[in-house]
Amino acid sequence: MNGIINVIKPPGMSSHQVVSHVRRTLKMKRIGHTGTLDPGAGGLLPLCVGRATKLVPFMTEYDKSYVAEMTLGISTSTQDADGETVEIDTELEISPNELGTVFSQFLGKIEQIPPMASAVRVGGVRLYELGRQGISVERKPRQVTIKELHINKIWPETQHSLRFGSRILFFVCCSKGTYIRTLCHDLGQALGTYAHMSFLTRVGVGPFSIETGITLEELEAKVSQDNYDFILPMEKALPDFPQVKVAPTMERRILNGNAITPDYLVDVPQQLMVGDQVLITAIDGELLAIGEIKYRGQPVCQPVRVLKEGN
């Protein structure tokens, strides 16, 4: 079995636990995820199975999309609902217009300080390990990009202004490495109050959407019926890579990691430039490798990740 499983992770399980669960269900070890999701959060966790694990480095670069809830007036030690209350503001009063203005200020490139609850390493130790010991250390800001940020709903709906305990449901599309809990914390500061993330679901990872995801229960049911249609082809993970076919006489060179000249590529869908990455397939469409167009006295197609094994 080789391909991608568009798993929907339930809240309460770590990403590693989800991988272990699917390994047991499929009775195979070669399974990996493409980026962790907090144990308390639910949502999309694409898994790479078999030879598709070689695609992980390409998939970790994808933008992520979330639906999150932010609660106003309370800051916590972890910037989410699992932490201890640190500060409260019962006197806040914010108009919907103020909220919209502040949200718009966070679009584009912003800087975030990784939370102590994150897996970032400082001095070789993960921040969350220090945080569990009650230790807080200085962290350097990181630049991330917020590409979309929309307010979906505000509770309670009967109030004309936002007050202590008001909740804002919002959608965000962002670059990898963005901490939504920190976004909520920073939004609260920009509003002149406190805030924490009270709910989080990941709804998109690159080309994958939660609408086409599968729960662990659904996966188990399908496997019990010997139905593996939930395993998506590897090429689904890289839809923006042009697919090129290689002449049969050159397949062995590709599988051995050797470059070939473009003369041996057939069915090239577009003009390729130096630096372009492509999916190299056999004439019958079987995915062989990921290649890159390079210049070595002349243009060549160099395999950078061979995907077919047993050559």
Side-chain angles (χ1 to χ4, degrees), residues 1-7 15 19 28-36 44-65 109 142-145 147 173-178 204-209 212 231-311:
M1 288 182 280
N2 307 292
I4 314 297
I5 306 177
N6 207 18
V7 169
S15 300
V19 171
M28 62 183 300
K29 293 183 177 181
R30 202 171 175 188
I31 299 175
H33 62 70
T34 59
T36 57
L44 212 54
L45 184 71
L47 302 184
C48 294
V49 179
R51 296 199 302 266
T53 53
K54 295 185 177 183
L55 300 177
V56 169
F58 298 89
M59 297 174 64
T60 53
E61 298 298 315
Y62 278 132
D63 293 342
K64 313 293 193 303
S65 298
K109 295 184 185 299
R142 295 183 168 193
Q143 189 179 83
V144 297
T145 303
K147 300 190 175 181
C173 176
C174 52
S175 63
K176 73 166 188 173
T178 303
V205 178
F208 301 103
S209 169
T212 57
I231 300 181
L232 306 174
M234 287 189 282
E235 50 266 33
K236 292 286 187 181
L238 303 170
D240 296 332
F241 282 36
Q243 291 191 32
V244 298
K245 294 182 178 180
V246 63
T249 54
M250 290 291 111
E251 278 190 34
R252 182 60 54 186
R253 282 189 61 84
I254 293 296
L255 297 180
N256 288 334
N258 297 318
I260 62 172
T261 61
D263 308 27
Y264 293 102
L265 297 178
V266 296
D267 288 346
V268 180
Q270 64 190 60
Q271 183 177 0
L272 299 175
M273 309 294 290
V274 173
D276 286 349
Q277 292 184 310
V278 297
L279 297 179
I280 306 173
T281 74
I283 291 296
D284 62 4
E286 181 183 11
L287 188 56
L288 304 177
I290 297 173
E292 183 177 338
I293 306 303
K294 299 188 176 183
Y295 189 80
R296 294 174 180 163
Q298 63 176 328
V300 296
C301 182
Q302 173 66 57
V304 294
R305 190 62 56 97
V306 175
L307 301 174
K308 182 180 177 180
E309 297 176 348
N311 49 302

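These figures come from a predicted structure and were not determined experimentally.
Side chain of Ser15 to main chain of Thr36: no donor-acceptor pair is present (N/O by atom type, distance under 3.5 Å, no hydrogens or angles). The backbone N or O of Lys64 sits nowhere less than 3.5 Å from a side-chain atom of Tyr62 that would complete a donor-acceptor pair. With hydrogens and angles disregarded, no donor-acceptor distance shorter than 3.5 Å links the side chain of Arg305 to the backbone of Ala289. In this structure, Asn2 contributes its side chain and Gly50 its backbone to no donor-acceptor pair below 3.5 Å.
Asp276 contributes atom CG, which lies 8.5 Å from atom CD of Glu292 (distance to the nearest 0.5 angstrom). Interatomic distance, CD of Glu251 versus CG of Asn256, reported as 11.5 Å (0.5 Å rounding). Rounded to the nearest 0.5 Å, atoms NZ (Lys176) and CE (Met59) are 13.5 Å apart. Annotation: the span from Leu47 atom CG to Thr34 atom OG1 amounts to 7.5 Å, rounded to 0.5 Å. The distance from atom CE of Met28 to atom CE of Met1, rounded to the nearest 0.5 Å, is 5.0 Å. Taking NZ of Lys29 as the start and OG1 of Thr53 as the end, the distance is 14.5 Å to the nearest 0.5 Å.
A side-chain contact (heavy atoms from CB on, under 4.5 Å) with Thr281 is found for one member of Glu286, Glu235, Gln243 and no other, namely Gln243.
Residues Ile254 and Ile260 share a closest heavy-atom pair of CD1-CD1, 3.9 Å. Taking both residues in full, the closest heavy atoms of Lys236 and Pro207 are given as O-CG, 3.7 Å, listed atom of the first, atom of the second, then distance. Listed here is the closest heavy atom pair of Leu287 and Ile280: CD1-O, 3.7 Å. The heavy-atom pair separating Phe208 from Leu44 by the smallest distance is O-CD2, 3.3 Å. Taking every heavy atom of both residues into account, Gln302 and Gly257 meet most closely at NE2-O, 2.8 Å. Here the closest heavy-atom approach between residue Cys48 and residue Val56 is recorded as SG-CG2, 3.8 Å.
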Where do Lys147 and Asp63 land on the salt bridge (Lys or Arg N to Asp or Glu O under 4.0 Å) test, with the steps shown first? CA-CA 9 Å; Lys147 300 190 175 181; Asp63 293 342; 2.7 Å; yes
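At a threshold of 4.5 Å between non-hydrogen side-chain atoms, the residues Lys245 and Leu265 do not count as touching. Looking only at side-chain heavy atoms (C-beta outward), Val268 and Pro242 stay at 4.5 Å or farther from each other. With contacts defined as side-chain heavy-atom distances shorter than 4.5 Å, the pair Ile283/Val266 qualifies. For the pair Leu288 and Val306, the minimum side-chain heavy-atom distance is 4.5 Å or more. Val278 is listed as a side-chain neighbour of Leu272, based on a closest heavy-atom distance under 4.5 Å. Side-chain contact between Ile231 and Ile4: absent, with no pair of heavy atoms (C-beta onward) separated by less than 4.5 Å. Under the 4.5 Å side-chain criterion, counting only non-hydrogen atoms from C-beta, Gln271 is in contact with Met273. Residues Tyr264 and Cys301 have side chains not in contact (no heavy-atom distance under 4.5 Å, counting atoms from C-beta outward).
Residue-environment remark: CZ (Phe58) exceeds the threshold of 12 foreign heavy atoms within 6.0 Å.
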